[in-house]
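Data first, discussion second: the structure below is written as structure tokens.
Because the structure is predicted, anything quoted here is derived from the model rather than measured.
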Amino acid sequence: MFTLLYIVNATLLLLHEIESAYEKEWELLKLPGKISGFLLFHIPIISLLLYGLIEIEKVTAIGLILGVIFGVGGVIPLIVHKVLFKSYDQFNLPISNIIIYLNSLSGISLFLLSVSHCLVK
């Protein structure tokens, strides 16, 4: 269950990031470097996301920490695109909304599951 939830959350995060590149999120958030900076910024994030799957499967301390981090990460698109920078021109297609809201649900679930495993250990 833990691994499956991590995979669902990671998949939704990656789908959102694909759309973020399409929508030129670096302009919305005023990030430096345009597409090059955006891609370079994501190298360590995606590497950690993939590494986290290995550690989640083994239920290690680092896996639980990454579960907490990427659980919170699953909620960030909702906060950014539906609260702080709400726009009817970007991230508002039906598929975008499905990804954002499902990512929030999977993120909260992953966060809670990771924290509960941390408390048990």
Side-chain angles (χ1 to χ4, degrees):
M1 177 69 172
F2 205 179
T3 301
L4 181 60
L5 186 55
Y6 189 91
I7 290 170
V8 167
N9 189 64
T11 300
L12 291 165
L13 277 169
L14 291 171
L15 286 171
H16 174 71
E17 292 311 309
I18 290 168
E19 184 179 19
S20 295
Y22 173 78
E23 295 285 2
K24 298 181 180 180
E25 190 173 52
W26 56 89
E27 292 175 358
L28 175 71
L29 301 177
K30 312 244 185 296
L31 300 174
K34 299 183 181 180
I35 186 65
S36 297
F38 185 79
L39 291 172
L40 289 171
F41 175 73
H42 281 83
I43 291 170
I45 294 171
I46 293 170
S47 297
L48 269 177
L49 187 65
L50 296 173
Y51 176 68
L53 180 57
I54 296 167
E55 296 300 319
I56 283 286
E57 181 65 19
K58 296 189 286 187
V59 194
T60 64
I62 192 71
L64 296 174
I65 291 167
L66 290 172
V68 168
I69 291 168
F70 288 115
V72 170
V75 180
I76 290 174
L78 177 75
I79 294 168
V80 170
H81 299 298
K82 302 300 177 188
V83 178
L84 299 177
F85 296 97
K86 189 170 183 161
S87 168
Y88 295 101
D89 297 334
Q90 292 180 311
F91 300 99
N92 213 28
L93 295 170
I95 191 67
S96 305
N97 288 321
I98 289 168
I99 290 168
I100 287 171
Y101 289 112
L102 285 177
N103 202 182
S104 294
L105 288 173
S106 68
I108 290 167
S109 300
L110 180 60
F111 174 83
L112 293 174
L113 190 59
S114 299
V115 168
S116 71
H117 269 75
C118 286
L119 296 175
V120 171
K121 286 197 162 209

Rounded distance [0.5 Å steps], [atom1] in [X] versus [atom2] in [Y]:
X: S114; Y: L5; atom1: OG; atom2: CG; value: 7.5 Å
X: L53; Y: Y6; atom1: CG; atom2: OH; value: 6.5 Å
X: F41; Y: L31; atom1: CZ; atom2: CG; value: 7.0 Å
X: I43; Y: L48; atom1: CD1; atom2: CG; value: 12.5 Å
X: I99; Y: E17; atom1: CD1; atom2: CD; value: 11.0 Å
X: M1; Y: S109; atom1: CE; atom2: OG; value: 7.5 Å

Subject >> F85 atom CZ, neighbour heavy-atom count above 12 within 6.0 Å >> reply: yes

Got a donor-acceptor contact below 3.5 angstrom from the [X] side chain to the [Y] backbone?
X: Q90; Y: E23; value: yes
X: H117; Y: L113; value: yes
X: Y101; Y: L78; value: no
X: N9; Y: F70; value: yes
X: K82; Y: F91; value: yes

Original post:
So H16 and H81, would you call those rings parallel, tilted or perpendicular, with 30° and 60° as cut-offs?
Top reply: tilted

Original post:
What's the verdict on side chain to side chain contact (heavy atoms under 4.5 Å, CB included) for L29 and V80, showing C-alpha distance, side-chain angles and the deciding distance?
Top reply: CA-CA 9 Å; L29 301 177; V80 170; 4.0 Å; yes

Original post:
Considering only heavy atoms from C-beta outward, does the side chain of I108 approach that of V75 to under 4.5 Å?
Top reply: yes

Original post:
Less than 4.5 Å apart, any side-chain heavy atom of Y22 and any of K24?
Top reply: no

Original post:
Does the side chain to side chain contact (heavy atoms under 4.5 Å, CB included) test come out yes or no for S20 and F38, once each step is laid out?
Top reply: CA-CA 9 Å; S20 295; F38 185 79; 3.7 Å; yes

Original post:
Are I46 and L12 joined in one hydrophobic group, where the rule is that I, L, V, M, F, W and Y side chains link up if heavy atoms are under 4.5 Å apart?
Top reply: no

